[in-house]
Amino acid sequence: MKPSIPKGTRDFGPAEMVKRNYIFDTIKVVFKKYGFLPIETPSMEQLSTLMGKYGEEGDKLIFKILNSGKYLDGVDETAYSNKDVKKLTVGIAEKALRYDLTVPFARFVVMHQNELSFPFRRYQIQPVWRADKPQKGRYREFYQCDADVIGSDSLLNELDLMELMNEVFSNLNLNVTLLINNRKVLAGIAEVLDASDKMIDITVAIDKLDKIGIDKVKEELRVKGLTEDAIEKLSPLLSFTGDTAEKVALLKSMLSNSEIGCKGIEEIEKLFDLTSGLNFSHLNIQLDLTLARGLNYYTGAIFEVKVNEPAINFAGSICGGGRYDDLTGIFGLKGMSGVGISFGADRIYDVLDELKLFPAEASQSTKVLMVNFGEVESNYALTILRKLRAHNIAAEIYPDPAKLKKQFAYADNRAIPYVVIAGSDEIANNTFVLKNMSSGEQKTISINDDFQTIFN
RNA sequence: GUGAUUGUAGCUCAGUUGGUUAGAGCGCCUGAUUGUGGUUCAGGAGGUCGAGGGUUCGAGCCCCUUCUUUCACCCCA
């Protein structure tokens with residue numbers, strides 16, 4: 001049989017893992033530095049935990065797990081004859097692979113509320129799965145690196161996360177743009193347009209402004225059932241250009257009759273106030289009134305990070321997040337506001353790779369290879385091997401007494417810088433030959449010499 | 001979910017209007033060199049041409065189905 005892996009999944013070889021770990025390690029170091037604590041949750045959740053949290057589209061993209069055993073027993077006959085997939089699904093699949101880390105985190109907080117002290121700061125680095133069609137920057141299995149604070153509605157948390165983002169991207173040596181908006185403002189806009197139920201449609205359409213232009217946005221709004229009057233009211237926002245202060249001023253005049261809208265403006269102003277005077281070396285922070293974000297659960301500030309480099313032909317976001325006021329409420333714990341961000345490790349990888357920003361890896365693993373001549377010689381080599389390892393020098397022995405040519409070729413392919421040769425002559429003299437593979441230089445060393453210094 | 005695109009040796013790819021036994025480079029194996037790799041030279045192995053069906057005297061090439069790759073849309077990290 002021909003081996004293969006499922007669509008949209010990938011294997012990672014050693015060279016890729018070194019680079020991936022560089023990203024994970026960089027992010028993790030900053031997470032810890034900001035006082036976030038690690039947790040992990042299972043790959044699969046109850047399907048009911050996940051459904052309805054990510055919007056209509058999101059529900060479809062959740063990987064469902066078929067029940068074990070007689071899973072057909074759960075089939076609803078009428079749902080089957082009506083080909084009602086949605087209803088059928090919940091009958092035959094009660095588990096699903098996690099779609100993000102935020103919803104499982106909310107579930108975790110509710111289940112473990114008595115063991116946690118709030119505000120709770122957690123970080124979580126795990127894969128998530130989405131049944132998307134793969135394409136550039138889009139995988140069916142990818143890692144998210146999340147940091148969330150739950151149990152506090154202070155904007156200091158938003159500020160903290162912004163500083164954290166700056167530090168991560170600074171450490172990755174990547175210049176990015178941080179787009180900020182506020183869901184309350186979007187809700188306010190929908191309210192004054194008299195279309196509160198269409199907030200998602202409106203924001204999704206506005207979000208495309210850069211891409212498809214003002215006329216197409218209006219057309220989409222019309223298709224979504226917005227009145228001409230409402231579209232007219234929205235117009236100044238769509239055609240608006242100006243700095244943050246001017247944007248805020250526009251919003252204030254537009255949303256003066258919306259309580260939630262005013263609250264949103266206030267939050268934006270306060271957040272920008274908090275950041276003023278701070279040096280965000282790698283974050284270009286912008287208020288973007290067209291930023292929407294599709295996930296249903298956001299209620300306050302929303303973030304999205306895009307790469308600045310024009311050389312990168314990838315427009316998607318590499319990091320995103322926001323505030324969710326009541327994500328735990330669905331699981332029975334009210335009044336737990338949270339805010340978090342999520343770094344998309346796989347997209348960051350693609351960007352760093354394209355920009356050649358991965359540090360020259362000091363990643364050669366094995367430093368010394370012990371040549372194997374046979375049983376007697378390998379026993380002698382093993383004692384040297386153990387001594388090397390005792391000095392924290394990464395070393396291995398070629399396991400078979402293969403031809404020297406082959407053993408050297410192996411060292412060469414693996415980029416192992418030193419080879420130790422110890423045959424009968426060396427054993428008789430309590431020595432070994434150390435060969436430097438790049439220079440070809442060989443020297444004889446006594447097994448009693450100081451191993452720490454022989455590689456310098 | 002919609003629309004394109006791709007699949008030939010381990011890898012990267014040639015393969016003409018359908019016509020004998022499907023090729024190259026790299027890699028791999030063996031030897032030149034029995035205790036010395038990265039260079040060189042000589043030789044060798046390796047393919048159900050993604051899978052299934054069809055048209056044809058004859059299919060890697062044409063048609064259908066399906067899977068896969070890459071990309072755009074939708075949506076998203």
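Below, chain A is the first sequence line, B the second, and so on; all start at residue 1.
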With a 3.5 Å limit on both atom pairs, tell me what rC61(B) is paired to, counting Watson-Crick and G-U wobble, or say none. none

Between Leu179(A) (CG) and rC76(B) (P), how many Å, whole number? 15 Å

Please report, rounded to the nearest Å, how far the C1' atom of rC76(B) is from the OH atom of Tyr54(A). 13 Å

Closest to side chain of Val204(A), choosing from rC75(B), rG37(B), rC73(B): rC75(B)

Check every atom of rU36(B), rA77(B), rG1(B) against the side chain of Lys435(A) and return the nucleotide holding the closest atom. rU36(B)

Please classify the nucleic acid contact of Tyr139(A) as base, sugar-phosphate, or nothing, using heavy-atom distances under 4.0 Å. base

Among rG37(B), rC74(B), rC76(B), which is the nearest nucleotide to the side chain of Arg130(A)? rC76(B)

Please answer whether rG37(B) and Tyr410(A) are stacked, defined here as ring centres separated by less than 5.5 Å and planes angled under 30°. no

Go nucleotide by nucleotide along RNA chain B from the 5' end; which of Lys133(A) and Tyr143(A) gets its closest nucleotide reached first? Lys133(A)

No-hydrogen, no-angle side-chain donor-acceptor test under 3.5 Å, Thr177(A) and Gln286(A): no

Integer-rounded Å distance: rC76(B) P and Glu56(A) CD: 13 Å

Separation of Leu61(A) atom CG from rA77(B) atom P, in whole Å? 11 Å

Is Gly58(A) touching bases, backbone alone, or none of the nucleic acid, heavy atoms closer than 4.0 Å? nothing

Quiz item: cation-pi between Lys387(A) and Phe451(A), 6.0 Å / 45°: yes

Pairing check on rU69(B): which nucleotide meets the Watson-Crick or G-U wobble criteria with it, both distances under 3.5 Å? none

Consider the side chain of Lys406(A), meaning its heavy atoms from C-beta on, and name the nucleotide among rG37(B), rC74(B), rC29(B) that approaches it most closely. rC29(B)

Of the listed rG35(B), rA72(B), rG37(B), the closest approach to the Asp412(A) side chain comes from rG37(B)

Reckon Ser317(A) touches a base, only the sugar-phosphate, or nothing at all at heavy-atom distances under 4.0 Å? sugar-phosphate

Exercise: do Asp148(A) and Tyr324(A) side chains pair donor with acceptor under 3.5 Å: yes

Using the side-chain heavy atoms of Lys136(A), tell me which of these nucleotides is nearest: rU69(B), rU36(B), rA72(B). rA72(B)

Taken to the nearest whole Å, CE/Met370(A) to P/rU36(B) is 18 Å

Candidates rU36(B), rG31(B), rC75(B) - which lies nearest the side chain of Lys403(A): rG31(B)

Between rG38(B) atom C1' and Leu404(A) atom CG, what is the distance in whole Å? 15 Å

Whole angstroms only, please: what is the CZ-P distance between Phe169(A) and rA77(B)? 13 Å

Measure from CG on Asp132(A) to C1' on rC75(B) and round the result to the nearest Å. 7 Å

Consider only side-chain N and O atoms of Tyr34(A) and Glu167(A), and report whether a donor and an acceptor are under 3.5 Å apart. yes

Does any nucleotide pair with rU30(B) by Watson-Crick or G-U wobble geometry, both distances under 3.5 Å, and what is it? rA42(B)

What's Glu57(A) touching, base or sugar-phosphate or nothing? Going by heavy atoms closer than 4.0 Å. sugar-phosphate

